[in-house]
Each structure stands twice: as structure tokens, then as C-alpha cells.
Protein chains: 2
Amino acid sequence: MKFGPIEFRHLRYFTAVVESKSFRAAAQRLHVSQPPLTRQVQQLEELLGVSLLERQPRGVELTAAGAVFYEEARNLLALAEQAIDRTQMAAQGQLGRLDIGVFGSAVFDAIPRVIQAFRLAYPKVDIVLHNLDRAGQIRALRERRLTVGFNRFFVEEVGLLWDVVLHEQLNVAVHEAHPFAKREQLNFDDLADQPLIVYPRTSRPSFIDQVLSMFHSRHLTPQIVQEVDDVVTAIALVSSGFGLTLASDSALTLRLPGVVYVPLEATEAQIDLCMIRRADDESALLRAFIDVVHAVLPPRG
Amino acid sequence: MKFGPIEFRHLRYFTAVVESKSFRAAAQRLHVSQPPLTRQVQQLEELLGVSLLERQPRGVELTAAGAVFYEEARNLLALAEQAIDRTQMAAQGQLGRLDIGVFGSAVFDAIPRVIQAFRLAYPKVDIVLHNLDRAGQIRALRERRLTVGFNRFFVEEVGLLWDVVLHEQLNVAVHEAHPFAKREQLNFDDLADQPLIVYPRTSRPSFIDQVLSMFHSRHLTPQIVQEVDDVVTAIALVSSGFGLTLASDSALTLRLPGVVYVPLEATEAQIDLCMIRRADDESALLRAFIDVVHAVLPPRG
DNA sequence: CGTTGCGATACCCGAGCGGTATCGTTCCGC
DNA sequence: GCGGAACGATACCGCTCGGGTATCGCAACG
């Protein structure tokens, strides 16, 4: 006489009986015989302490409470189906939340392209962008607040993996009044005695360090006239005739009045865009995102 | 190796494991041993075709899909609780919908008082009022579109029950300029040769039929100057000096300019308010409503 | 007034749930 | 570095309980 808690079986049986208005018909629909159905519904009524059906010779009729419970049961069964669907979607990486760390000039071109493509392929995934420098990204990754990070020049970090996802050329941003503005291409020697604006210094090694090493390998010493925090400020200074600066291809979408971009000689004048992630993150969502990144960004930049 | 469909047991076990971050601790919480827990969670994962937990030496960790399913499971369990609550409330008449048929002057006083009291006692019951004459109420009751109806003078109807819930006195509505307006009380003899406005004729026998029978039993013949559809119109005509009319106590709240109500002699000058319902309706909701009606309306009107 | 179709009941069988005992692994302290 | 402790997984068993067949009691219908 003692029953356990309510189970989905009770709901399935009860709703079938209600919809068939008959135990026998419902039994047929459920591919069971009639007596178990009777028993389960009786149990359900006893568990609830409520009479749900009025048994009549011509079939069954819902009581007022039965009508309420029927609606609830239908709802629960539908939600259970949804729960399964959603879970399976999540397992395939089609549902969930992706926290992406971004920084620097890549946010102007490469990142938006990746995100747009990913949104299209996985519309039910929430994407949250976090503006973090490299150190911040690494910390956030370790603390699981981030799924992936995009940055330049990752050093090896235990527990983290990084891939180069894009090679970009360097460009020189000059004011249109500057003689370089007419040139098809420039090289490092051209820049040696030019007033250079450099960025950013937030976490070493950084963009600027790689640029400086390119000068050093050519035994050149650039004339640094100003240090700034970010690309936008640097280009703004170029726009106002302060000097020259270097920018990756991604920054080319950043158009300010009077600023002209001239490609730098190709040899070694490359800057990488890297993606960093946890080594132990084997989620389908991250896998799917990585695939999109490689599909969107040119296999060889 | 073949499992049936998902049951609430799977959800209860899984959520317990997640919340305890441990199979053993969850087993203790659930008052079962650890192996069945392991098995049920394994079954759940197989049923979903999804890995929900990462078993680690220090306990268990949710996968991304597991986190999604956990939220869904919590939600389902909470909704199941609510479903039980709501069903039990419905069984006690505390939840549901009450369709009430109303007609005539009772809507001005008695009905609003009843409904206000019922709303207070059973706030989660939806009350829907339907303006239907007696024939319409009887049809709607038979077709289950109505739970109760209020009207005057019910004849016996098979399958329906009626109770007198209120006795009201009759009053004469006269214009203040009329000599009767000064009287403390009136009787039928006074009215015999007065211009009388009568209402309504919608479904016989009706209010007017009872009034007329009161005249006849006294061998009097009233002077009917106008027939109208409803009380409000009748009183409006009184207000414009058209004649006199009779109105129950409920209509006294209906105050129009120049209209004065004078009580009619008490003997036999009573009018009933009746409540009609299905004989086979044993719902707790109806029972509760009837109780409220008898509590609100004076046991002897 | 028998027939028919309904849900309820009685009884049986076996799947499956929960129990105990134990294993394999990892992490910890000595 | 090694034994012990703690974790989840596995093996196996007993018994509950869900589902089966057969049948009952009852009301409606021709």
C-alpha cells in the first residue's frame, strides 16, 4: 500500500487515458494491457490524494482537478522532451555559451568575421566578448571564465594550448601629406629615421616587441616619438600628423581622415593572430568554434 | 542493455549527485546506497546519448551538456511539485474557473457581494460572469458552460437543482413629484389604478408574472402603461415621470434623479433570488461557492 | 433480457531497482 | 615511495513492483 514518488510513467499513462477517454483505447496506444494502466492511474490518484477521473460506463470523464493535472502533465512531458533536445544540442556544441577574449587590432576585422560565421552556424550559442589583454585572458582561461582568447605572440603556458590562426602583413600608417604616402611599398630601412608611434605596452612581450626585434635584426634603431595604449589612438595621432605607426592588416578597416596605409616589405614583416584555449577543454562547443575559425580565416594568411 | 524512457527518478538522482558533487554523498542524502545511483546516472546518460558528468578522483564535474540538463532537471522537478500543489488546490476548490450566469436586478447588489466575498476566500479561482436569462442559463448549465446561475422563480428542471438564496422585499419606484413619494409604505390597493411599467418578458414565468399573480390574488387589475426589457430602463422611465414600477431590494442601489423607493406591504410581497446548478456537479469548487453564498446572503432575507 | 463493452480485481511472472561485497584508480600522509 | 583512504565502477543477489492473462461486476443497448 506504500508507493514511491510520482514518475513520468504516471503522467504518460494518465494523459493517454485522458486523450483516449478510455483505459482500453489508451492501453492499445501505449502498447500495454489495460490492467497496468488502471493500476498506475489509481496509484497516481492515491499519491496526489486527489480523484482525477470519473469512471463511467461509457468511458472516463475528467474531474476539475483532473483537468488541472492533465494540463500540468502535458506541460511536464513537453518540457521533458525539450530538456532532452536541449541537452543533446548542448552535447553537440549547438547550445551553450562561449566566452571569447579579444584584444588589439584583430577586433576590427578577423574576430568579427569569425563571430558572424559562428553565429550563422550555431545560432543558439550565446557569445560573450571580453576585452582582456593577454595576461587577463590567461587568468580568465585558468579560472574558466573564458573559453578561448585571441591575441598576438603567445608564450608557452602549461595547461594552455595555442594555435596561430592568421598571418597578417604589416602596414605603415602615414599621413597623406607625407612623401611615403605615394609609395607602393616600404621597407624597414625607410622607417629607421622616421618618427614612430608605438603601442601597446600592457603585457610583454607584445606587438611592439616583435616590431622592435624586426628592426634590431636589421641593425636599425627606430625613432620612437610616442607610446600609446591602443591602435586607435596611434592611428588618430597619425591622422593629426604626429608621425608614423605600424598596423596589421586587420587595422585597415580603421579609416581615419588623412591616413594612408602602405604595405611593408613582406619578408619577416608578418604578425600573427593566435588563439589560446585550455588543453583540457574537450567541449564540442570549443571544437565547433575552432573549426569555424579555421574555415573562416585563410589557411595561410 | 535496453532501457525504458526517462523517469523522474533519473532526474532526482542526477540533481542530487550534481549538488553533492559526489555519488557517495548524494547516496547518503537520498537514503540509498551508492551503486544504484551510479547505475541510474549511467542509464540516464545512455538514454540521452550524452555524457553528463566527468568522473574525477576528487568527485564529479559537470560537462557543458550536463550543466544544461541539470538546469532543465531542476526546473522539471520544481514544476512537478507545482503541478501536484495546483492539482490538490483544484481538488479543494481553491483553483479553477467558475462560470456564473446572472440576470436582472440581482446583479446590482446581491451578486456583487457574493463575488467579492468569494474572490477574497478563493483568490486563485477565475470568475467569469455571463449575462443570460433563465432559459439561457439552463441551456448553458446543461452544456457545462455554466457552473451556477442566479435568477428568479425557477421551475423544476430534471438534472438541475435550485435553492432560494435570498428573499427580497418589493419596493415601488415613483417619481419624487408623485404623491406616493411622501408615503412610508404602500400596498397593492394603492397601485391598482396607477400607471405601471413592467419588465421583463424574456422567459416566462418571470418577475412580472409573480407580481401580476399578487394583484390577481387580491382581485385587482393593474394598469400597465409600458413593457420594457430590463430594470434599468424601467427605472429610467420612472425618472422621466412615465409612471411607477416595482423593484426588488437589490435595485435600491440603482439611484436615478427624481426616483424615490417606497416599501411595499410585507405580506406576500416577496421576491426570491434563486441559485440553479447541475444535480451531478459535485465539484469542491461549486460546494465552496455555495457555502460562500449562504454565508454572505442573510439566512432569512 | 441476453449481449456487449467498460473499468476493476486477482493472480502470476519476470524485469529491474536497491542491497552487499569488491575492484581499480588516484591522491594523500607518513 | 608506499600503504591507506576515498572515490566511482562492477558483480551479483534478493525482492519489490510493473506488466501480463483471466475474470468479475456493472451499465447501456438492441
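Computed from a predicted structure; not experimentally measured. Letters A, B, ... mirror the listed sequences (proteins, then strands); counts begin at 1.
One interatomic measurement links the two molecules: CD of A:Gln28 to P of C:dG5, which rounds to 13 Å at whole-angstrom precision. Between the CZ atom of B:Phe23 and the C1' atom of D:dT10 there is a distance of 13 Å, given to the nearest Å. Atom CG of A:Leu30 is separated from atom P of D:dG18 by 15 Å (rounded to the nearest Å). If you take CG of A:Leu47 and P of D:dG18, they are 10 Å apart, rounded to a whole angstrom. The CZ atom of B:Arg39 sits 13 Å away from the P atom of D:dC12 (whole-angstrom rounding). Distance CD (A:Glu54) to P (C:dA8): 13 Å, rounded to an integer number of Å. A straight line from CG of A:Leu37 to P of D:dT21 spans 14 Å, rounded to a whole angstrom. Atom CG of B:Leu44 and atom P of C:dC17 are 12 Å apart (whole Å).
Among the heavy atoms of the strands, none lies under 4.0 Å from A:Glu7. Counting any heavy atom pair closer than 4.0 Å across all strands shown, B:Arg9 reaches sugar-phosphate atoms only and no base atom. Heavy atoms of B:Gln43 sit under 4.0 angstrom from primed sugar atoms or phosphate atoms, though from no base atom.
Dashed line: the shortest gap from a side-chain N or O of A:Thr38 to OP1 or OP2 of C:dT9 is not under 4.0 Å. Residue B:Ser22 places none of its side-chain N or O atoms closer than 4.0 Å to OP1 or OP2 of D:dC7. Of the side-chain N and O atoms in A:Gln56, none sit less than 4.0 angstrom from OP1 or OP2 of D:dA28.
No donor-acceptor contact under 3.5 angstrom links the side chains of B:Thr38 and B:Gln42, judged on distance only.
Under the salt bridge (Lys or Arg N to Asp or Glu O under 4.0 Å) test applied with A:Glu157, the options A:Arg134, A:Arg142, A:Arg139 reduce to a single match, A:Arg142.
A salt bridge is absent between B:Asp281 and B:Arg144: the closest approach of a Lys/Arg side-chain nitrogen to an acidic carboxylate oxygen does not fall below 4.0 angstrom.
More than 12 heavy atoms of other residues, nucleotides or ligands sit less than 6.0 Å from atom CD of B:Gln56.
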Could you list the donor-acceptor pairs under 3.5 angstrom formed by side chains in residues 12-20 of chain B, with sequence neighbours left out?
residue : atom : partner : partner atom : Å
B:Arg12 : NH2  : A:Glu7  : OE2          : 2.5
B:Thr15 : OG1  : B:Leu11 : O            : 2.9
B:Thr15 : OG1  : B:Arg12 : O            : 3.0
B:Glu19 : OE1  : B:Arg29 : NH1          : 3.2
B:Glu19 : OE1  : B:Arg29 : NH2          : 3.0
B:Glu19 : OE2  : B:Tyr70 : OH           : 2.6
B:Glu19 : OE2  : B:Arg74 : NH1          : 2.7
B:Ser20 : OG   : B:Ala16 : O            : 2.9

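Under the ring-ring contact (aromatic ring centres under 6.0 Å, His included) criterion, A:Phe289 pairs with A:Phe118, sequence neighbours left out.
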With the criterion being N/O to N/O and under 3.5 Å, what pairs connect the protein with nucleotides 20-28 of chain C, and how long is each?
none

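The side chain of A:Arg55 lies closest to C:dA8 when the candidates are C:dA8, C:dC17, D:dG19.
Within the 4.5 Å cutoff, the side chain of A:Ile290 has heavy atoms near those of the A:Arg277 side chain.
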